[in-house]
Amino acid sequence: DLPAPIVAYVHTYLGLIRERQRRYDEAIDSLVKALWILKSANQSDITIAVASHRLGICYSHAGDCRNSSAALRRALQYYARANLANNYQFVLSAANRLEAFRLQKKSSTSRRLNGSVLPNRTD
């Protein structure tokens with residue numbers, strides 16, 4: 001019987017508490033619920049952006065770079081829809097984390113390629 005934004009608020013803070021306790025799977029479940037409720041209740045773009053951003057950070061702490069990147073990209077889309085400047089703290093935070101993932105992936109790919117042994121051809 002509670003309004004949707006209140007239920008989303010509760011799920012958000014349960015998620016943040018669980019994240020702090022390093023119970024990432026439970027935190028992600030709560031943050032996903034909060035995001036779903038906020039989107040279903042047609043909350044503001046900035047509210048949805050922050051919820052997606054929090055989810056992306058939690059996925060990152062859980063070591064799930066793929067889902068983290070997806071959530072952070074969605075957060076950036078919502079930040080843009082909310083007309084936030086590119087130098088806004090949350091926008092910079094999401095963009096910097098995405099860039100770190102990109103560099104990490106590039107470095108990992110480079111290490112794999114450099115570490116592979118190609119057979120010597122003596123034809």
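- Atom CG of Asn42 and atom OG1 of Thr47 lie 12.0 Å apart (nearest 0.5 Å).
- For the pair Leu16/Arg20, no side-chain contact is recorded, criterion being any heavy-atom separation below 4.5 Å from C-beta on.
- Within the model, atoms OH of Tyr78 and CG of Leu35 stand 7.5 Å from one another, a figure rounded to the nearest 0.5 Å.
- Two residues are said to be in side-chain contact when any heavy atoms from C-beta on lie closer than 4.5 Å; Tyr9 and Ile37 fail this criterion.
- Residues Ile46 and Tyr79 are in side-chain contact: their nearest non-hydrogen atoms beyond the backbone lie under 4.5 Å apart.
- Side-chain contact between Ile57 and His61 is present, with at least one heavy-atom pair separated by less than 4.5 Å.
- Side-chain N or O atoms of Ser69 include one that pairs as donor or acceptor with a backbone N or O of Cys65 at under 3.5 Å.
- Rounding to the nearest 0.5 Å gives a distance of 10.0 Å between NE2 of His11 and CG of Asp29.
- Thr12 contributes a side-chain N or O that, together with a main-chain N or O of Ala8, makes up a donor-acceptor pair within less than 3.5 Å.
- In the displayed structure, Gln89 atom CD is contacted under 6.0 Å by at most 12 heavy atoms of other residues, nucleotides or ligands.
- Counting only N and O atoms by type, the side chains of Ser68 and Arg97 include no donor and acceptor under 3.5 Å apart.
- For the atom pair Ser52 OG and Lys39 NZ, the distance stands at 7.5 Å (nearest 0.5 Å).
- If you take CG on Leu84 and CG on Leu92, they are separated by 11.0 Å, rounding to the nearest 0.5 Å.
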